[in-house]
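Notes follow the structure.
Computed from a predicted structure; not experimentally measured. Nothing fancy with the numbering, it's 1 onward along the sequence.
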Amino acid sequence: MIVGMRIGILFGPFSQAAGPFMGNILGYETITAFMYEAGFIGLMIFGWGKIGKKMHLFATFNVMISSSLSALWILDANS
């Protein structure tokens, strides 16, 4: 209970100091994960048998790249 109160008290100054940085980084992560990664995951899963093998391989590589970028942004925000 006391730890929760400390976090609540200290969160305001932290968000004012780190807000501009954290907002940009989490925005980049959102674009990477939800737009880029989700689109290619949809092609990869639901396109099986409907798109060509080369396009499926292209979608798989893009999921790999976008997942790595998403992890990079999260690690950057947490560090």
Side-chain angles (χ1 to χ4, degrees):
M1 180 69 178
I2 293 173
V3 173
M5 290 172 58
R6 286 186 204 157
I7 291 172
I9 292 170
L10 297 175
F11 187 73
F14 171 75
S15 64
Q16 286 181 346
F21 174 77
M22 292 291 286
N24 288 334
I25 297 300
L26 292 177
Y28 296 148
E29 196 276 329
T30 301
I31 290 170
T32 304
F34 293 115
M35 306 291 180
Y36 184 44
E37 185 179 356
F40 282 108
I41 283 178
L43 274 177
M44 194 175 78
I45 293 174
F46 298 115
W48 188 260
K50 297 176 185 168
I51 59 175
K53 289 184 179 183
K54 288 183 181 180
M55 185 62 188
H56 192 269
L57 184 64
F58 178 73
T60 304
F61 281 129
N62 275 295
V63 168
M64 177 190 68
I65 290 168
S66 62
S67 297
S68 298
L69 280 174
S70 181
L72 173 84
W73 293 123
I74 291 295
L75 287 172
D76 190 28
N78 288 335
S79 63

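At most 12 non-hydrogen atoms from other residues, nucleotides or ligands lie less than 6.0 angstrom from CZ of F61. Heavy-atom contacts from other residues, nucleotides or ligands closer than 6.0 Å to CE of M35 number 12 or fewer.
Rounding to the nearest 0.5 Å places CD1 of I41 at 10.0 Å from OG1 of T60. Within the model, atoms CG of D76 and CG of L69 stand 11.5 Å from one another, a figure rounded to the nearest 0.5 Å. Distance check: I25 CD1 to T30 OG1 gives 11.0 Å after rounding to the nearest 0.5 Å. In this structure, I31 CD1 and S70 OG are separated by 12.0 Å, a value rounded to the nearest 0.5 Å. The CZ atom of F40 sits 4.5 Å away from the CZ atom of F58 when rounded to the nearest 0.5 Å.
Residues E37 and V63 approach most closely at O-CG2, 4.3 Å, considering heavy atoms. Counting all heavy atoms, side chain and backbone alike, L26 lies closest to A77 at CD2-CB, 4.2 Å. Here the closest heavy-atom approach between residue S66 and residue T32 is recorded as O-CG2, 3.4 Å. The minimum heavy-atom distance linking A17 with P20 is given by the pair O-CD, 4.2 Å.
Two different hydrophobic clusters hold Y28 and L75 under the rule that ILVMFWY side chains link at heavy-atom gaps under 4.5 Å.
Ring-plane geometry between H56 and W48 is classed as perpendicular, the angle between the planes exceeding 60 degrees on a 0 to 90 degree scale with a lower cut at 30.
Side-chain atoms of Y36 and I65, non-hydrogen and from C-beta on, do get closer than 4.5 Å to each other.
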